[in-house]
Amino acid sequence: MSTETIGTSAIQLEFDDHGLLPFLFGDHDRNLARIEQKLGVSLACFGNTVRISGEEGACATARTTLESLYGRLAGERDSGGGVVPLELGIVDAAIKYAAVEDSGGGDDARFDDRSATLGTWRRGVEPRSPNQHAYIEALRRDELVFGLGPAGTGKTYLAVAMAVAMLKERKVDRLILSRPAVEAGERLGFLPGDLREKIDPYLRPLYDALYDMMSGEQVERQLAAGEIEVAPLAFMRGRTLSNAFVILDEAQNTTPTQMKMFLTRLGENSRMVVTGDLSQIDLPFGAKSGLRDATDTLKGVKGISYVEFTAADVVRHPLVTRIVHAYNRKEGPLISEDNKQ
């Protein structure tokens, strides 16, 4: 593969392996169209050559993106595992990594670094942005991790993936997934069924993540055996959670008392992850969020990491990113820079 710069607003890439180009370009050149859409550049193909034109910085990011994707495909071919068509999510991830790398901040997290991939029973789960990469590294390293930021950034999904990977490797004996059962404009009492049936809808996102990484039969079997527990936060009181991977989701809807109760459940050989979005607090007006209180109280405590996600880390529909940007224009950072790990 070779690169030629043509003026300040055009770059020409030449790829050596013609066999990889259909995978690189995608069906009907959809991968190239995605890069054009995301970066505002124009890509023209001539045989094994791609000409990139547009704003200088965007052209550089498009070049890095294509080089990264081509390198990924070549690596798959050389490993003998077969070349896998690129999903649009992978293309989006390559663009995010390239943007950070080209800005000079990509030394610690590279798109071609597969060491951060988490092995679950159903598939490998890999980071889709440098922040997600840093989050996975923090989950591996520290006993308590706070994942902060907007919806759709992978805070909960990656935490569950790490929990399942550690259970699969028998580094922990059980998974405990919890959420506060806080009403978001609706009343629990009006839902049909007993207490379990009323609470289950609040816990459904945790079940969804589990079923994406394990077979339904396996989830049900391990739930029955107590190796996996999905429960409201109130059920944590009075317990000591040892040899476990414990996740508290939607933590912005805890009170300071509940948060202190949860954090002090940590037992021997256990990990805790606390995730939440401080822009979506459903507590009664005037009540302080336990998540906000914890990030203020625990600043500087050794063994705790904070990873703050932004709209750039959203991995859902592109419109979600624009919605998050619109809502966050008046918001400041959730934690100070010296608390990020």
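- Contact detail for L266 and M272: the closest heavy-atom pair is N-CE, 3.5 Å.
- Hydrophobic cluster membership differs between V84 and Y70, with clusters built from Ile, Leu, Val, Met, Phe, Trp and Tyr side chains linked at under 4.5 angstrom.
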field: Pair E227-L175, side chain to side chain contact (heavy atoms under 4.5 Å, CB included): steps then yes or no
entry: CA-CA 6 Å; E227 292 184 347; L175 312 184; over 6 Å; no
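- In K288, the NZ atom is crowded: over 12 heavy atoms of neighbouring residues, nucleotides or ligands sit closer than 6.0 Å.
- Separation of atoms CG (N269) and CG (D173) is listed at 7.5 Å; rounding is to 0.5 Å.
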- prompt: What do the steps show when you test S215 against R122 for side chain to side chain donor-acceptor pair (under 3.5 Å), and what is the final call?
  reply: CA-CA 7 Å; S215 68; R122 297 193 75 168; over 6 Å; no
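- At least one side-chain heavy atom of V274 sits less than 4.5 Å from a side-chain heavy atom of L291.
- Transitive grouping of hydrophobic side chains (ILVMFWY, heavy atoms separated by less than 4.5 Å) brings L263 and V301 into a common cluster.
- Within the 4.5 Å cutoff, no side-chain heavy atoms of T254 are placed close to those of L283.
- Among all heavy-atom pairs drawn from L86 and F23, the shortest one is CD1-O, 3.6 Å.
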task: In sequence, state the C-alpha distance, the side-chain angles, and the governing distance for E76 and R72, and then conclude on salt bridge (charged side-chain N to carboxylate O under 4.0 Å, His left out).
output: CA-CA 6 Å; E76 290 176 349; R72 179 192 180 102; 3.8 Å; yes
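- Counting all heavy atoms, side chain and backbone alike, A116 lies closest to R140 at CA-NH1, 3.5 Å.
- Between M214 and I228 there is a side-chain heavy-atom pair separated by less than 4.5 Å.
- Placement of V314 and L88 in two distinct hydrophobic clusters is found when ILVMFWY residues are connected by side-chain heavy-atom separations under 4.5 Å, directly or transitively.
- Side-chain atoms of D277 and F309, non-hydrogen and from C-beta on, never get closer than 4.5 Å to each other.
- Nearest approach of A62 to I35, heavy atoms of both residues: CB-CG2, 4.0 Å.
- In this structure a side-chain-to-backbone donor-acceptor pair under 3.5 Å is missing from S289 to N253.
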- request: Go through the steps for R239 and I176 under the test side chain to side chain contact (heavy atoms under 4.5 Å, CB included), then give the verdict.
  value: CA-CA 12 Å; R239 303 176 62 182; I176 300 174; 4.2 Å; yes
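- Checking side-chain atoms of R271 against main-chain N and O of L139 turns up a donor-acceptor pair under 3.5 Å.
- No more than 12 heavy atoms of other residues, nucleotides or ligands sit less than 6.0 Å from atom CD of E217.
- Checked by atom type and distance alone, the side chain of S270 pairs as donor or acceptor with a backbone atom of A244 at under 3.5 Å.
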query: L248 and M259: side chain to side chain contact (heavy atoms under 4.5 Å, CB included), yes or no, with the steps?
result: CA-CA 9 Å; L248 176 60; M259 179 62 76; 4.2 Å; yes
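- When the shell of 6.0 Å around CZ of R237 is examined, it contains 12 or fewer heavy atoms from other residues, nucleotides or ligands.
- Side-chain contact, E308 with Y135: no donor N or O sits under 3.5 Å from an acceptor N or O.
- Formation of a donor-acceptor pair under 3.5 Å by the D313 side chain with backbone atoms of T153 is not found in this model.
- Between I90 and L69 the shortest side-chain heavy-atom distance falls below 4.5 Å.
- No donor-acceptor pair closer than 3.5 Å links the side chain of K155 to the backbone N or O of G276.
- Put simply, CG on L148 and CZ on R292 are 10.0 Å apart, with the number rounded to the nearest 0.5 Å.
- A distance of 10.5 Å separates CG in D92 from CD in E87, rounded to the nearest 0.5 Å.
- Between S129 atom OG and F111 atom CZ the span is 12.0 Å, to the nearest 0.5 Å.
- Looking at Q132, its side chain does come within 3.5 Å of a backbone N or O of R128 through a donor-acceptor pair.
- Donor-acceptor pairing under 3.5 Å is recorded for the side chains of E250 and Q252.
- Closest approach of C45 and V50 over heavy atoms only: SG-CG2, 4.2 Å.
- Here the closest non-hydrogen pair linking V164 and M213 is CG2-SD, 4.2 Å.
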- request: Determine, step by step, whether D249 and V273 satisfy the side chain to side chain contact (heavy atoms under 4.5 Å, CB included) criterion, reporting the C-alpha distance in whole Å, the side-chain angles of both residues, the deciding distance to 0.1 Å, and the verdict.
  value: CA-CA 8 Å; D249 191 32; V273 184; over 6 Å; no
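- Under the 4.5 Å side-chain criterion, counting only non-hydrogen atoms from C-beta, V172 is not in contact with N243.
- Put simply, the side chain of L13 reaches to within 4.5 Å of the side chain of R63, judged on heavy atoms.
- Considering CG of L298 and CG of L144, their distance stands at 7.0 Å, rounded to 0.5 Å.
- A donor atom on one side chain and an acceptor atom on the other are not found under 3.5 Å apart for R265 and T240.
- Between Y306 and F146, the two ring planes are parallel [angle under 30°; tilted spans 30° to 60°].
- A salt bridge between D212 and R123 is present, with a side-chain N of the basic residue lying under 4.0 Å from a carboxylate O of the acidic one.
- A donor-acceptor contact shorter than 3.5 Å is absent between the side chain of D296 and the backbone of D293.
- Contact check for F25 versus N31: no side-chain heavy atoms found under the 4.5 Å cut-off.
- Not a single donor-acceptor pair under 3.5 Å links the side chain of S305 to the backbone N or O of A138.
- Taken to the nearest 0.5 Å, the CG atom of L158 stands 7.0 Å off from the CG atom of L118.
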